[in-house]
Amino acid sequence: MASKSTIPAVKGTREFYPEEMALRNYLYAKAAQASQTFGYQEWDAPFLETIDLYAAKSGEELVKEQSFVFNDRGGDPITLRPELTPSLARMIAARQGQLTFPLRWWSFGPFWRYERPQKGRSREFFQWNIDMLGVNSPEADAELIAVAATFIQSVGLTPDMATIFVNNRRLMDAQFDALGVPSEQRMTVSGMVDRRPKMSPEAWDAYVLENGLTQSQLDGLKKVLANYDLWQESDELVRLFKALDALGVREYVKFDPNIMRGLLYYTGTVFEAFDLSGSVRRAILGGGRYDNLLADVGGDPLSGVGFAMGDVVMGIILQEKGLIPPFVPSPAPVLVTVFDESLWMNSFALTAELRAAGVNVLAYPEPAKLPKQFKFADRMGIRVVTVIGPDEAETGKVTVKNLANGTQETVERSEVAKTITKILESAAQQ
RNA sequence: GCGGAUGUAGCUCAAUGGCAGAGCGCUACACUGUGGCUGUAGUUGUUGUGGGUUCGAGCCCCAUCAUCCGCCCCA
């Protein structure tokens with residue numbers, strides 16, 4: 001067996017055969033489109049960073065347990081980037097005085113996390129990151145949510161398939177305060193909320209009580225988490241939803257007091273999008289407002305809002321819903337056949353003429369039986385096949401066949417490009 | 001790091017401890033200048049790897065590797 005002698009790919013890495021590459025490029029194109037219609041600039045950071053960049057800011061777990069770390073030839077520890085935000089912070093800080101704020105940046109690239117691969121999660125993944133920096137307002141938060149909604153809509157997901165759930169850290173902190181939860185316990189309680197959907201109600205109650213909350217705090221917490229009108233008590237969220245209305249994406253967004261996002265650095269609005277109907281319960285994107293982005297890299301205080309979306313979960317969801325555009329193997333819609341050895345160069349010359357006329361075209365690379373060449377064309381998703389046999393060569397003509405409907409005609413060589421273009425245009429309209 | 005499952009043809013999967021199979025695919029022909037559709041014929045194996053038990057192992061046992069599903073974690 002071939003696999004016996006094959007060196008396997010590194011665990012958790014991704015191999016993009018043309019079909020998967022098409023999906024990745026599709027997601028990239030849709031992310032670019034959503035970003036750019038809102039005026040965001042594309043940027044990127046190194047894939048390799050020193051471990052120090054992450055040590056200060058990120059959770060311990062992320063660096064110590066979930067990053068690829070190795071020594072370079074000089075013995076210095078290097079990390080394959082597990083996230084983008086620290087790199088963003090450094091790059092902003094380095095040119096804080098020169099950049100034009102408010103700054104809107106987006107990026108799409110590979111990240112690595114040393115985790116156990118399972119459904120919706122691999123060790124190597126692509127992530128779309130987008131941030132607005134230098135503005136601190138619910139309206140700015142709304143814009144980022146609108147970008148996310150625009151993307152979700154552009155890939156064909158309707159509001160009943162995918163929804164963005166919103167909450168606010170300050171609102172929840174106020175609720176926790178009212179329940180008498182000390183500020184140093186907030187993270188613990190947030191963790192409890194995050195875990196709640198994975199446990200039975202009874203088990204969760206017991207778990208909460210075991211971890212330091214009183215019965216009355218538990219009761220109060222459950223009341224808060226069940227109150228979907230709570231946003232009306234938050235001036236920020238009232239303004240946020242008003243802005244979402246104006247931006248035309250309100251139907252994709254819902255307030256949900258159960259959205260916490262366990263991250264240390266979110267300080268205001270937080271949001272997370274979920275697929276409501278599929279098999280993946282993982283968040284498809286998530287983000288929020290953060291302050292002090294530059295605190296650890298020595299810049300002046302800077303507030304921002306942003307989110308990240310991974311390609312793996314998104315790909316699964318689109319696949320399950322049949323929303324992935326059909327894969328066409330050949331980027332060239334035209335095949336020029338090679339009838340026999342004597343007419344080989346005649347066909348090659350035709351490909352050059354067609355390319356000069358702006359048509360993507362591939363030649364069969366050697367003489368072969370026509371059935372074989374047509375079969376190849378069919379499998380590659382090719383729409384038009386040309387034949388130059390002895391008859392055509394004699395009269396200076398070319399036979400052009402439309403594979404979609406099986407019709408063909410023989411035209412003057414000077415007319416070939418025009419004939420093909422017409423076929424391709426009529427197919428594109430359907 | 002912890003728990004569970006699965007590895008058999010290119011793919012999807014069968015096979016009481018007793019001759020390793022089917023469908024799809026692939027190749028050829030029908031159709032020597034035309035793909036898809038149809039028919040006929042043909043083709044496909046170190047049963048993940050290494051050991052053990054047995055007269056005999058795809059099947060039972062041990063180890064190992066890989067994949068999948070959970071837990072943990074999710075920046």
Side-chain angles (χ1 to χ4, degrees), chain A residues 1-13 15 53-67 79 81-89 111-123 125 127 129 187 190-191 194-195 198-199 260-266 270 272 279-288 290 293 296 306-310 312-313 330 335 337-340 343 364 367-394 398-410:
Chain A
M1 207 192 275
S3 61
K4 192 175 179 183
S5 58
T6 301
I7 296 168
V10 173
K11 188 188 185 78
T13 55
E15 295 184 312
L53 181 70
Y54 304 100
K57 184 164 188 305
S58 312
E60 289 269 296
E61 175 93 14
L62 177 57
V63 182
K64 287 189 177 166
E65 309 291 341
Q66 299 192 344
S67 292
T79 302
R81 63 180 188 182
E83 61 165 333
L84 192 60
T85 306
S87 304
L88 172 66
F111 295 86
W112 295 265
R113 290 181 192 172
Y114 195 83
E115 303 182 277
R116 187 127 189 134
Q118 48 185 274
K119 190 171 190 181
R121 194 167 70 182
S122 58
R123 289 183 173 180
F125 55 95
Q127 201 172 66
N129 286 269
M187 284 310 296
S190 296
D194 280 338
R195 192 166 305 180
K198 292 184 175 178
M199 302 176 75
M260 284 296 174
R261 296 197 56 76
L263 315 191
L264 297 163
Y265 55 68
Y266 288 119
V270 291
E272 218 161 21
S279 67
V280 193
R281 279 183 57 203
R282 225 167 271 285
I284 60 186
L285 63 85
Y290 45 84
L293 172 70
D296 298 316
F307 69 84
M309 182 196 80
V312 181
V313 170
S330 174
L335 173 73
T337 60
V338 177
F339 191 87
D340 61 27
L343 291 163
Y364 205 83
K369 289 179 179 173
L370 280 185
K372 191 172 179 182
Q373 299 188 50
F374 271 84
K375 197 164 193 173
F376 171 81
D378 188 55
R379 290 184 182 190
M380 292 299 288
I382 280 164
R383 301 213 289 272
V384 175
V385 174
T386 69
V387 178
I388 301 175
D391 300 344
E392 291 88 347
E394 186 76 22
V398 178
T399 295
V400 178
K401 180 164 185 179
N402 180 343
L403 285 196
N405 59 21
T407 62
Q408 72 176 42
E409 56 182 319
T410 301

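Just so we're on the same page: letters track the sequence lines, and every chain starts at 1.
A donor-acceptor contact under 3.5 Å is formed by the side chain of A/E392 with the base of B/G33. For B/G36, its base never sits under 3.5 Å from the side chain of A/K375 at any donor and acceptor pair.
In this structure, A/T399 reaches the bases: a heavy-atom distance under 4.0 Å links it to at least one base atom across the strands shown. Using a 4.0 Å heavy-atom distance criterion, A/R195 is classed as a sugar-phosphate-only contact. Residue contacts shown for A/G406 include a base, since a base heavy atom lies under 4.0 Å away. Using a 4.0 Å heavy-atom distance criterion, A/F376 is classed as making no nucleic acid contact. Within 4.0 Å of A/K372, counting heavy atoms only, lies no atom of the nucleic acid at all.
When the C1' atom is compared between B/U49 and B/C31, the two are found 48 Å apart, to the nearest whole Å. Across B/C74 and B/A5, the matching P atoms stand 28 Å from one another, rounded to whole Å. Comparing B/U67 with B/U40, their C1' atoms are spaced 40 Å from each other, to the whole Å. The gap from the P atom of B/C24 to that of B/A63 amounts to 41 Å, rounded to the nearest Å. Separation of the C1' atoms belonging to B/G45 and B/G58 is 12 Å when rounded to the nearest angstrom. Nucleotides B/U27 and B/G35, compared at atom P, are 14 Å apart to the nearest Å. The gap from the C1' atom of B/C73 to that of B/A15 amounts to 42 Å, rounded to the nearest Å. Nucleotides B/C69 and B/C11 are separated by 22 Å at their C1' atoms, to the nearest Å.
Look at CE on A/M380: it is 16 Å from C1' on B/G36, rounded to the nearest Å. The distance from atom CG of A/D340 to atom P of B/U32 is 16 Å, rounded to the nearest whole Å. Straight-line distance from the CH2 atom of A/W112 to the C1' atom of B/C73: 20 Å, rounded to whole Å. Here the P atom of nucleotide B/A66 and the CZ atom of A/R116 are 10 Å apart, to the nearest Å. Rounded to a whole Å, the OH atom of A/Y54 is 18 Å from the P atom of B/C74. Look at CD on A/Q373: it is 11 Å from C1' on B/G35, rounded to the nearest Å. Going from atom CZ of A/R123 over to atom P of B/U67 covers 9 Å, rounded to whole Å.
For the pair A/D340 (side chain) and A/L343 (backbone), a donor-acceptor distance under 3.5 Å is present.
Proximity of A/Q118 to the phosphate of B/G70: a side-chain N or O atom is located under 4.0 Å from OP1 or OP2. Contact annotation: A/K401 does not reach the phosphate of B/G33 (side-chain N/O to OP1 or OP2, under 4.0 Å). Phosphate contact (OP1/OP2 of B/C73, side-chain N/O of A/R121, threshold under 4.0 Å): absent.
In the set B/G36, B/U34, B/C73, B/U34 carries the atom at the smallest distance from any side-chain atom of A/P371. In the set B/C68, B/C73, B/U67, B/C68 carries the atom at the smallest distance from any side-chain atom of A/P117.
Counted by atom type alone, A/T399 and A/E392 present one or more donor-acceptor pairs between their side chains at under 3.5 Å.
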